[in-house]
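These numbers come from a predicted model, not from an experiment. One-based numbering along the sequence shown.
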Amino acid sequence: DPQQTLASTLALGPPLLLMVLVAASGQRGAHFALNTIVIVVLIAAMLGVFQIASQSDTGHLYSATHVGWITGFHANRNAAADLFLIGILASSACLAIVKRQASPLVAGPPNCHSLRRLLSSGPPFIILMVLFAAATIMTGSRTAITLLVPSAILVSLMHFDLRSTVRQRTLWLASALVISLAVMLFALVQFNGPAAKVASRFAGHGAVRLAIWSDTKFAIDQFWPFGSGVGTFQTAFLPAESLEAVGVTMTNRAHNDFLEWALEAGIFGIIALALVATVIIAMLWRSRRDRPLTLFAAGTFLILGLHSLVDYPLRNMALASIAGLAAGILAAPRPNFAD
């Protein structure tokens, strides 16, 4: 389908443009990008508080949305949850950069100065972490709630000294793990109010997704090795859908972006994906000495990649643009900081 493929190609424009702009602007651009992410995520979380408090569709920006859950600027709670997780990493990276006196945050618009002052001490940083973590939980996204654990570990890695003893490093990681599990457990064991709704989400099963994945695998076999064409999932999937799965709703995505990409792009898409992953890993290794920025970028790709196993975050333009931004941060030239 040439039209769908053209539309998919054009959709790469904003992420690629952000990647080039951030990479070209160097460390100033990387720091400004982090500040911007934190500010936007903070506003989204505040909007989410209003959405929960309204107990209706008031505050939601789209007619088709997850009412009763925090969605922020998104229609989909999963996309909002990924944004909050990335906000946790961005604010942590900002604090780590501020603490590193050799490379203070650069001058910029008033918001950047204000954010630097805000994050220059522990309590505001902790408040932001708790707010973003609570917002993640109240999206009701099961995968995102689980991803709070690796996010907490990455936050701890940004702040402890790699030259400390193994015992100290283990203590940091164990503390991050215990705190994140405690936050999740506190929310999920409650049996009233919004927390009970979140807990009920974990009582569900993934039979629907398993059926979609099975049918997608069957469709992949029909179009292998060349694929059905980028942007043609619905057209290619519907004839392969099992009769038992046919219902009143139409399956618009595979809910596993790796399977969907294999169906649409075939073996050439898998090769391209492997090449992109190799380039990203090489850039992570190249920028490893600038720990806060490297861990932020690595965490962003980790969150989006793991969530892609059960959803399609990179099909969301905002999240795809943040992925491009993270790639630009890795590609930007920067001083060779010691760990």
Side-chain angles (χ1 to χ4, degrees), residues 18-19 22-23 25-42 82-108 111-130 132-133 147-164 168-169 172-173 175-176 179-180 280-304 322-339:
L18 269 172
M19 180 181 69
V22 173
S25 57
Q27 213 175 20
R28 290 176 62 90
H31 293 167
F32 183 82
L34 287 180
N35 288 326
T36 304
I37 289 175
V38 174
I39 293 169
V40 171
V41 176
L42 178 59
D82 288 337
L83 182 66
F84 293 133
L85 289 171
I86 293 170
I88 291 174
L89 299 177
S91 55
S92 177
C94 282
L95 177 63
I97 291 170
V98 169
K99 289 167 60 179
R100 187 179 59 198
Q101 295 301 320
S103 179
L105 289 180
V106 295
N111 280 338
C112 293
H113 290 301
S114 301
L115 185 62
R116 181 181 176 183
R117 289 194 296 268
L118 173 67
L119 291 176
S120 60
S121 61
F125 164 74
I126 295 174
I127 291 173
L128 273 182
M129 295 296 100
V130 172
F132 293 163
L147 288 174
L148 280 170
V149 175
S151 298
I153 293 175
L154 286 170
V155 167
S156 71
L157 287 172
M158 288 182 190
H159 293 280
F160 74 66
D161 189 352
L162 289 177
R163 291 168 296 187
S164 60
Q168 289 174 322
R169 294 198 296 267
W172 267 95
L173 292 174
S175 299
I179 291 172
S180 59
I280 289 174
I281 292 171
M283 290 195 299
L284 286 168
W285 180 256
R286 165 187 168 273
S287 62
R288 66 190 183 279
R289 287 189 172 273
D290 196 353
R291 195 160 19 124
L293 292 177
T294 301
L295 288 175
F296 164 76
T300 297
F301 289 122
L302 180 67
I303 288 168
L304 296 178
I322 291 179
L325 184 151
I329 286 177
L330 292 178
R334 59 179 61 91
N336 191 25
F337 292 110
D339 286 334

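- Minimum interatomic distance between Ala331 and Met283 (heavy atoms only, all atoms of both residues): CB-SD, 4.0 Å.
- Residues Ala323 and Leu304 come closest through the heavy atom pair CB-CD1, 3.8 Å.
- Val38 and Cys94 get closest at one heavy-atom pair: CG2-SG, 4.2 Å.
- Of the possible donor and acceptor atoms, one in the side chain of Ser151 sits under 3.5 Å from a partner among the backbone N and O of Leu147.
- Side-chain contact between Phe32 and Thr36: present, with at least one pair of heavy atoms (C-beta onward) separated by less than 4.5 Å.
- Ile37 is listed as a side-chain neighbour of Leu325, based on a closest heavy-atom distance under 4.5 Å.
- By the side chain to side chain contact (heavy atoms under 4.5 Å, CB included) test, Leu154 is found to be paired with Leu89, Leu157, Leu295, Leu302, residues two or more places apart in sequence or in another chain being considered.
- Within the 4.5 Å cutoff, side-chain heavy atoms of Ile88 are placed close to those of Leu148.
- Annotation: the span from Leu34 atom CG to Ser92 atom OG amounts to 10.0 Å, rounded to 0.5 Å.
- Residues Ala327 and Met19 approach most closely at CB-SD, 3.8 Å, considering heavy atoms.
- The two atoms that bring Pro292 and Ala96 nearest to each other are CG-CB, 3.7 Å, heavy atoms only.
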Test side chain to side chain contact (heavy atoms under 4.5 Å, CB included) on Ile86 and Phe296; report intermediate values, then the result. CA-CA 8 Å; Ile86 293 170; Phe296 164 76; 3.8 Å; yes

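- Here the closest non-hydrogen pair linking Phe132 and Phe84 is O-CB, 3.8 Å.
- Side-chain contact check for Ser287 versus Leu293: every heavy-atom pair is 4.5 Å or farther apart.
- In this structure, the side chain of Arg286 engages the main chain of Leu330 through a donor-acceptor pair within 3.5 Å.
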